[in-house]
There are 2 protein chains.
Amino acid sequence: MPTTEIPRDHESLLRGAALRVTRPRLAVLAAVDAHPHADTDSIIRAVRESLPDVSHQAVYDVLRALTGADLLRRIQPAGSVARYEARVGDNHHHVVCRTCGAIADVDCAVGHTPCLTASDDHGFVVDEAEVVYWGTCPTCATAPPSVTASSEGHR
Amino acid sequence: MPTTEIPRDHESLLRGAALRVTRPRLAVLAAVDAHPHADTDSIIRAVRESLPDVSHQAVYDVLRALTGADLLRRIQPAGSVARYEARVGDNHHHVVCRTCGAIADVDCAVGHTPCLTASDDHGFVVDEAEVVYWGTCPTCATAPPSVTASSEGHR
DNA sequence: ACACTTGTCTTGAATGCTTCAAGACAGCTT
DNA sequence: AAGCTGTCTTGAAGCATTCAAGACAAGTGT
């Protein structure tokens, strides 16, 4: 994973979305590519490895611009901060660990937006069905239940 | 049927969950019953109509206790604050309006936890599948786009 | 009934993610 | 190269939620 290389891929992505090509934007795209499902803070730290002086505000701004242009996807499971991923266009879902918050991708079980059909949509015009699988990741499942971690669920 | 009460009343619900019966808790249960999908602030205001002096902290605490006892369900669509509903036990999902944030219930399309089977669970032990349908509610669909709303972002 | 014990509520403050605002600056077009 | 427009920097505020410690009341046993 050559992080020093300037990926022309990202540049054309930005141009294709009619967005200006700036170093913070390229760095954010690279950071999200390198760290899927990373939260904003991780992205900021990753970006600052190549651009030490970017402001957090710039990152927030870039993330919003890229999300609005459908170059990035923002996911936010309940109880978690905002996270971003570069996989867009395909409709895939996520498994979230209740214990540690780890996220993994899950391709749609049936393959072609099956859940999009709600039984009764109450007149809503539905354009997306988001599925979140809640469970326990392998690491937390095998780890011995610590006092602090196990009592998180209900006190 | 001499002494048997319908266990629907809130007091027996609390006792059944080994929780003390207090006025704030009864008021919170009543408020959530009256306002499905209400956010914390709405619940606080509703509770204070009958108990003007409850602290917000008490409501947060009660909501956490009731959620932990599975008497309430906490839902939190991305970009929204925490909301609570009294329907528990059945696995139903939600439609969320992108514009105004309105939420409506949707019974599971297939009826018996169908989405629980992920194509590849990455070793996660999945115990729940949460589905959120994103779209536009009837009100926002018919409402003419306001100046402020249209300039928010292009989508 | 009475006091005891434990969990609940009140008060007050802090935390942290995210956004707002105004000016400086740089990318893109002519 | 000049100008325009959108982007980045700086600084600070907003708001939902949580933490902490003490006061208080709901259950429980004598």
Side-chain angles (χ1 to χ4, degrees), chain A residues 6 10-29 38-45 47-48 50-69 71-72 74-84 101 148 151-155, chain B residues 10-29 38-45 47-48 50-69 71-72 74-84 101 148 151-154:
Chain A
I6 304 294
H10 293 157
E11 183 172 337
S12 38
L13 269 178
L14 287 172
R15 295 194 189 280
L19 290 174
R20 290 184 183 171
V21 180
T22 66
R23 260 175 306 240
R25 289 182 172 176
L26 292 173
V28 166
L29 281 173
D39 58 76
T40 312
D41 194 56
S42 303
I43 294 175
I44 291 177
R45 284 201 304 271
V47 166
R48 284 184 175 156
S50 52
L51 296 170
D53 292 332
V54 275
S55 61
H56 65 131
Q57 183 62 24
V59 176
Y60 273 100
D61 225 353
V62 167
L63 287 173
R64 189 195 303 196
L66 298 185
T67 304
L71 263 49
L72 252 45
R74 175 180 177 148
I75 55 181
Q76 189 173 13
S80 171
V81 298
R83 291 161 179 274
Y84 295 85
T148 50
S151 62
E152 278 302 309
H154 67 172
R155 135 186 169 73
Chain B
H10 296 151
E11 182 171 337
S12 42
L13 268 179
L14 288 171
R15 295 193 189 281
L19 290 174
R20 291 185 182 172
V21 180
T22 65
R23 258 173 310 225
R25 290 182 170 177
L26 292 174
V28 166
L29 281 173
D39 57 74
T40 312
D41 193 57
S42 303
I43 294 175
I44 291 177
R45 284 201 304 273
V47 165
R48 283 183 176 158
S50 51
L51 296 170
D53 291 333
V54 275
S55 61
H56 68 129
Q57 182 62 26
V59 175
Y60 273 100
D61 223 353
V62 167
L63 287 173
R64 188 193 305 197
L66 298 184
T67 304
L71 264 48
L72 252 45
R74 174 179 178 149
I75 56 180
Q76 189 173 13
S80 171
V81 297
R83 291 163 180 270
Y84 295 86
T148 51
S151 63
E152 276 299 311
H154 64 104

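So that the names make sense, note that chain A is the first sequence line, chain B the second, and so on, each numbered from 1.
- Residue G79(B) comes nearest to Q76(A) through the heavy atom pair N-OE1, 3.1 Å, listed as atom of the first residue, atom of the second, then distance.
- The separation between D53(A) atom CG and dT9(D) atom C1' is 10 Å, rounded to whole Å.
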Each nucleotide in nucleotides 16-22 of chain C should get exactly one letter: B, S or -. Can you fill that in based on protein heavy atoms under 4.0 Å? -SBBBB-
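- A straight line from CG of L66(B) to P of dG7(C) spans 17 Å, rounded to a whole angstrom.
- Looking at R74(B), its side chain never comes within 3.5 Å of a backbone N or O of A82(B) through a donor-acceptor pair.
- The CG atom of L71(A) sits 13.5 Å away from the OH atom of Y84(A) when rounded to the nearest 0.5 Å.
- Here the CZ-CG distance, from R25(B) to D61(B), works out to 8.0 Å after rounding to the nearest 0.5 Å.
- The minimum heavy-atom distance linking P24(B) with V54(B) is given by the pair CG-CG1, 4.0 Å.
- Rounding to the nearest 0.5 Å places CD of E11(B) at 12.5 Å from CG of L19(B).
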With sugar-phosphate taken as primed atoms, P, OP1 and OP2 and all else as base, the protein-contact string of nucleotides 22-30 of chain D at under 4.0 Å (heavy atoms; B, S, -) is ---BBS---
When you look at R20(A) and L14(A), which way does the side chain to side chain contact (heavy atoms under 4.5 Å, CB included) test go after all the steps? CA-CA 7 Å; R20(A) 290 184 183 171; L14(A) 287 172; over 6 Å; no
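- Rounded to the nearest 0.5 angstrom, L51(B) CG and I44(B) CD1 are separated by 13.0 Å.
- Taking atom CG of residue L51(A) and atom P of nucleotide dT7(D), one finds them 17 Å apart after rounding to whole Å.
- Whole-Å rounding puts the D61(A) CG to dA26(C) P distance at 17 Å.
- Taking atom CD of residue E11(A) and atom C1' of nucleotide dG27(C), one finds them 12 Å apart after rounding to whole Å.
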